[in-house]
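Note sheet for the following structure.
Every heavy atom of this structure was used, including side-chain atoms; hydrogens, water molecules and symmetry mates were not.
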Amino acid sequence: MKRKYLSMAIGGILLAPAAFVQAQEQQPAAGTQATQLDEVTVTARRRSESIQDVPVAVSAFGEEQIKDLQASTVEGLQGAVPNMNIAQGRGSANSVNVFIRGIGQPDALQTFDPGVGMYVDDVYYSRINGALFSLFDIQQLEVLRGPQGTLYGKNSTGGAIKLTTKNPFDNEGGAVEVTAGDYGRLEGRFYVSGKLSDTLAGSIAGAKITNDGYVKDAVSGKRYNDDDTEAFRAKLAYQPTDNFSAVLSLDTTKQDAGLTLGRPMADLQQRELNTNAIVRVLKPGETGEWNHRARTSFNDGQGQYLKHSGASLAMNWDINEQFTLKSITSYRKLKTESYIDIDASEYQLGDVLVALDQNQKSQEFQLHYDNGSNLHLTFGAYYMKEHVPSYQEAYGDDIYLIGGKPAGFLRTIDDDLSTTSKAAFAHANWEFAPSWTLAAGVRWTKDTKDYERTTSTFWESDGLFLGFLPATALNGTVPLAPVSASWTAVTPSVSLQKAFSENLMGYVSANRGFKSGGFNGRANTAYDVIHAKFDPEYVWTYELGMKGTSSDRRFRGSAAAFYSNYSDFQARVSQDANTFPVLNAAELNIKGIELEGSALLGESTTLSAQLGWMDAKYKKFEDFRLDPSYPGYDKNVNHDHVPFSPDWTARVALQHVFSLGDSGNLTLGGDVSYRGDTWLSVDNRKVLSQDAYALVGAYGVWDSPQMAWQVRAGVRNLTDKDYKTEGQEFASVANIQTAYYGLPRNWYVSVRYNF
């Protein structure tokens with residue numbers, strides 16, 4: 001089966017005469033015929049350029065292409081970008097976990113920085129909470145692969161995802177859309193935009209998204225993994241002259257969902273410590289397909305709440321014909337209160353409340369120089385101040401038994417993290433000879449973090465019980481006195497680009513990425529407190545690429561080969577009872593190949609395809625737990641595989657437009673995506689791995705003659721494949737190992753009116 005799907009993916013790519021770049025095209029109006037692919041413009045280098053001229057591995061999706069992916073959130077990009085893994089965060093309805101080319105954020109806690117930068121209208125979102133964006137007013141979405149920094153506000157090691165919302169001046173009119181589907185799915189979206197005067201334009205957009213969830217309690221019938229989200233954005237654009245413009249944007253998102261439950265990959269068993277005390281742990285559970293049934297120890301009303309709001313002001317001033325000054329000012333506030341059943345069972349083994357009240361303010365300046373010929377310079381300065389106070393509770397009443405009765409266990413955590421990030425960067429793009437362009441940049445970054453934490457543990461039991469515990473430090477209060485640390489890095493980038501012809505270019509590049517160090521937000525014991533600090537990560541990525549378009553503009557494609565040297569990998573592991581050290585444990589070598597592209601076959605058929613191959617291996621992994629003489633040695637742990645780094649990712653999509661004459665257009669499309677074996681935890685526990693699988697999707701769209709009405713119907717996961725997307729690994733707490741699964745087969749119908 002694995003070879004079958006892989007052959008389908010490769011075969012689809014070879015149907016076109018060029019290596020491809022992802023860019024499915026919007027369909028022509030009824031009665032017209034397409035003769036070439038539309039040009040795709042991206043802002044990967046902070047200015048508008050053809051995607052074919054950018055020496056960066058970038059994938060771009062417009063509004064219609066996002067619909068054809070059948071994506072309602074950024075998670076829908078899974079499968080559409082080679083060597084990218086993007087999934088809803090473990091146990092959370094409001095976070096997203098992204099890995100690009102094997103680099104991401106292995107721990108979801110707020111004290112760890114993302115490895116992939118998330119941007120909305122050039123504003124950096126510093127937390128993966130609140131980053132599961134609903135795609136309701138997106139103009140374009142770009143995915144940049146490889147380290148980013150010399151052109152972007154915040155440095156990132158893995159890459160960047162850029163969302164650009166619609167500009168009121170460019171999108172007059174509006175649309176209303178209603179979607180209904182199974183699992184109680186009901187969604188409404190709207191967008192209205194128009195000029196208020198010759199110099200002022202405004203827009204408002206909103207979305208209401210609900211579904212009942214696809215996981216059910218086997219006894220009560222209550223549903224989980226649901227959604228209830230409201231999102232709103234207002235923009236005001238001001239352009240008094242040809243050389244000045246400003247856009248003020250206000251947005252808010254509110255989500256009030258139930259629990260997000262996974263599948264416990266272990267069953268409950270008991271191990272006797274002595275004649276009076278018993279510890280409950282989990283043993284390997286059942287294998288095979290999951291029936292989407294789960295239990296929880298939480299009560300009704302203990303769900304997951306999020307409110308995420310912000311304001312930004314972007315100003316653009318053409319000082320003269322050569323110089324342009326840009327300013328991006330933003331303020332964001334994120335509040336979450338999420339109950340997470342980490343063990344996904346009816347027992348209190350790993351149940352937690354995680355609440356945070358984050359705010360961030362940032363300022364970025366860019367000065368661009370363009371001599372109108374062969375030289376473009378960018379100078380930038382960036383400042384961000386983030387404050388993340390957090391409160392957590394952990395419940396474990398069912399872990400220990402004394403005399404056959406549960407021993408009440410409660411841990412409370414108060415912590416406070418402040419981060420100040422300062423950076424200056426410069427980038428030059430110089431066409432030093434006909435058809436030859438040299439680009440080089442450098443970034444200086446200084447990140448300072450201040451952190452304090454108090455952990456308190458409470459037992460409802462006879463004090464003698466503590467003498468039976470292997471870790472008596474679990475009792476009482478463990479403070480982490482206020483600590484502060486700073487990390488400074490210089491990260492250069494360079495690329496050499498050659499235009500072989502008007503339609504073919506090649507490039508080589510080298511980029512260094514940096515992710516700052518931090519403090520372990522899971523420091524629960526005195527040992528953890530002493531070793532709370534961890535160091536930064538660094539990566540050098542070297543890339544060779546080509547991009548080409550056929551002379552008739554009917555084929556477009558790109559190919560890239562890369563090699564990354566990734567050092568000081570920040571690995572959060574499970575050690576002994578309730579101990580979670582962070583190790584700068586590993587050096588990795590990651591190499592890969594990526595092919596992307598699209599082709600217009602005939603006048604009405606579009607073929608697109610992506611193929612990614614990646615070989616990610618640890619050069620070393622210094623882990624004291626793997627020493628057989630270590631008391632906590634666990635033979636089930638190894639580091640043979642890098643998490644979230646499948647060897648193959650591939651997708652083939654085909655779309656055909658049938659002209660109905662005066663009755664409009666009918667479009668039929670579908671895709672097959674493939675993903676190789678994927679490991680979902682740093683410790684490579686077998687139950688938290690997913691074998692290779694393929695997903696199939698199909699859709700149909702009717703457009704009225706003047707494109708005023710659109711009716712779309714589709715089905716995702718057509719073959720009802722059962723597959724894991726994420727995992728919780730807390731083996732030092734009752735051997736908890738929990739897997740989270742993708743959506744089963746689901747269908748929907750949407751009706752849209754454009755005006």
By side-chain hydrogen bond (donor to acceptor under 3.5 Å, both in side chains), which residues pair with Thr649, not counting sequence neighbours? none
Is a donor on one side and an acceptor on the other found under 3.5 Å between the side chain of Asp370 and the backbone of Gly372? yes
CG-CZ distance between Asn83 and Phe644, expressed to the nearest 0.5 angstrom: 15.5 Å
Tell me if a side-chain donor or acceptor on Gln78 pairs with a main-chain N or O of Ile86 at a distance below 3.5 Å. yes
Heavy-atom pair with the smallest gap, counting every atom of Gly102 and Tyr566: O-CE2, 4.4 Å
Please examine the side chains of Gln655 and Asp68, heavy atoms only from C-beta on, and report whether any two atoms are closer than 4.5 Å. yes
Measuring only between side-chain heavy atoms, which start at C-beta, is Leu438 closer than 4.5 Å to Val494? yes
Using distance alone, with no hydrogens and no angle criterion, decide if Asn371 and Ser373 have a side-chain donor and acceptor under 3.5 Å apart. no
For Arg332 and Ser312, which I'm curious about, is there any donor-acceptor pair between the side chains at under 3.5 Å? no
Would you check if the side chain of Asn584 reaches a backbone N or O of Asp568 as a donor-acceptor pair within less than 3.5 Å? yes
Could you check whether any side-chain N or O of Thr324 sits under 3.5 Å from a backbone N or O of His368, counting only pairs where one atom can act as donor and the other as acceptor? no
Check whether any side-chain heavy atom of Arg651 sits under 4.5 Å from a side-chain heavy atom of Ser608, and report yes or no. yes
Pair Asn511-Gln148, side chain to side chain contact (heavy atoms under 4.5 Å, CB included): steps then yes or no: CA-CA 8 Å; Asn511 298 276; Gln148 308 296 321; over 6 Å; no
How close do Gly202 and Leu196 get, heavy atom to heavy atom, and via which atoms? N-CG, 4.2 Å
Heavy-atom pair with the smallest gap, counting every atom of Asp137 and Tyr191: CB-CD1, 4.2 Å
Would you mind reporting whether Arg127 and Gln360 have side-chain heavy atoms less than 4.5 Å apart? no
Using modelled atom types and a 3.5 Å cut-off, is there a donor and acceptor pairing between side-chain atoms of Ser193 and backbone atoms of Asn171? yes
Can you tell me how far the OH atom of Tyr369 sits from the CD1 atom of Ile319, to the nearest 0.5 Å? 12.5 Å
For residues 487-513, which residue pairs qualify under ring-ring contact (aromatic ring centres under 6.0 Å, His included), counting only residues two or more places apart or in two chains? none
Closest approach of Gly513 and Thr491, non-hydrogen atoms and distance? C-CG2, 4.2 Å
Parallel under 30°, tilted from 30 to 60°, perpendicular over 60°: which one fits the rings of Tyr538 and Phe514? tilted
For the pair Val642 and Ile590, evaluate side chain to side chain contact (heavy atoms under 4.5 Å, CB included) and give the outcome as yes or no after the intermediate values. CA-CA 10 Å; Val642 178; Ile590 308 171; 5.7 Å; no
Closest contact, heavy atoms only, Ser126 versus Glu386: OG-OE2, 2.8 Å
CD1 (Ile66) and CD1 (Ile138) are apart, to the nearest 0.5 Å, by 6.0 Å
Is it the case that Thr549 and Asn503 place a side-chain donor and acceptor less than 3.5 Å from each other? no
For the residue pair Thr420 / Thr448, report whether a side-chain donor-acceptor contact shorter than 3.5 Å exists. no
Under 3.5 Å, is there a donor-acceptor pair between the His656 and Ser604 side chains? no
Contacts of Val116 that satisfy side-chain contact (heavy atoms from CB on, under 4.5 Å) - sequence neighbours left out: Val98, Ile100, Ile161
Glu172 side chain to Asp170 main-chain N or O, any donor-acceptor pair under 3.5 Å? no
Lys154 side chain reached by Asp447 side chain, heavy atoms, under 4.5 Å: yes
For the NZ atom on Lys166, are there more than 12 heavy atoms of other groups (residues, nucleotides or ligands in this structure) within a distance under 6.0 Å? yes
Minimal heavy-atom distance between Leu595 and Ala559, with the atoms involved, is CD2-CB, 3.3 Å
Is it the case that the side chain of Gln52 and the backbone of Gly548 share a donor-acceptor pair, with hydrogens and angles ignored and the cut-off at 3.5 Å? yes
Would Lys619 and Asn589 count as a side chain to side chain contact (heavy atoms under 4.5 Å, CB included) if you check the C-alpha gap in whole Å, the side-chain angles of each, and the deciding distance to 0.1 Å? CA-CA 6 Å; Lys619 185 178 179 181; Asn589 291 330; 4.0 Å; yes
Take Glu543 and Arg101 through the test salt bridge (charged side-chain N to carboxylate O under 4.0 Å, His left out) and record every step on the way to the result. CA-CA 12 Å; Glu543 189 169 317; Arg101 293 178 173 177; 3.0 Å; yes
Keeping Arg233 on the side-chain end and Ser249 on the backbone end, is there a donor-acceptor pair under 3.5 Å? no
From CA spacing to verdict: side chain to side chain contact (heavy atoms under 4.5 Å, CB included), Lys162, Val58: CA-CA 10 Å; Lys162 287 176 46 87; Val58 55; over 6 Å; no
Flag the pair Lys446 / Ser486 as yes when at least one side-chain heavy-atom distance between them is below 4.5 Å, and no otherwise. yes
Determine, stepwise, if the pair Arg145 / Ser59 fulfils side chain to side chain donor-acceptor pair (under 3.5 Å). CA-CA 9 Å; Arg145 301 187 294 280; Ser59 303; 3.0 Å; yes
Are any non-hydrogen side-chain atoms of Asp113 and Gln570 less than 4.5 angstrom apart? no
Does atom CH2 (Trp444) have a neighbourhood of more than 12 heavy atoms from anything else shown, all under 6.0 Å? yes
Applying side-chain contact (heavy atoms from CB on, under 4.5 Å), can you list everything that pairs with Asp121, at least two apart in sequence or on another chain? Thr164, Thr165, Lys235
For atom NZ of Lys385, decide whether the heavy atoms of other residues, nucleotides or ligands shown that lie under 6.0 angstrom number more than 12. yes
Kindly compute the distance separating NZ (Lys326) from CE (Met315), expressed to the nearest 0.5 Å. 13.0 Å
Would you mind reporting whether Ile328 and Gln363 have side-chain heavy atoms less than 4.5 Å apart? no
Take a 6.0 Å sphere around CG of Asp198 and say whether it holds more than 12 heavy atoms from other residues, nucleotides or ligands. no
Any chance you could measure Asp615, atom CG, to Trp648, atom CH2, to the nearest 0.5 Å? 11.0 Å
Is it the case that Asp703 and Thr667 place a side-chain donor and acceptor less than 3.5 Å from each other? no
Of all residues at least two apart in sequence or in a different chain, which pass the ring pair (Phe, Tyr, Trp, His ring centres under 6.0 Å) check with Tyr125? Phe133, His308
Side-chain donor-acceptor distances from residues 425-436 under 3.5 Å, at least two apart:
| unit_1 | atom_1 | unit_2 | atom_2 | d |
| --- | --- | --- | --- | --- |
| Asn429 | OD1 | Arg45 | NH1 | 2.8 |
| Ser435 | OG | Lys498 | NZ | 2.6 |

Separation between OG of Ser245 and CZ of Phe169, rounded to the nearest 0.5 Å: 8.5 Å
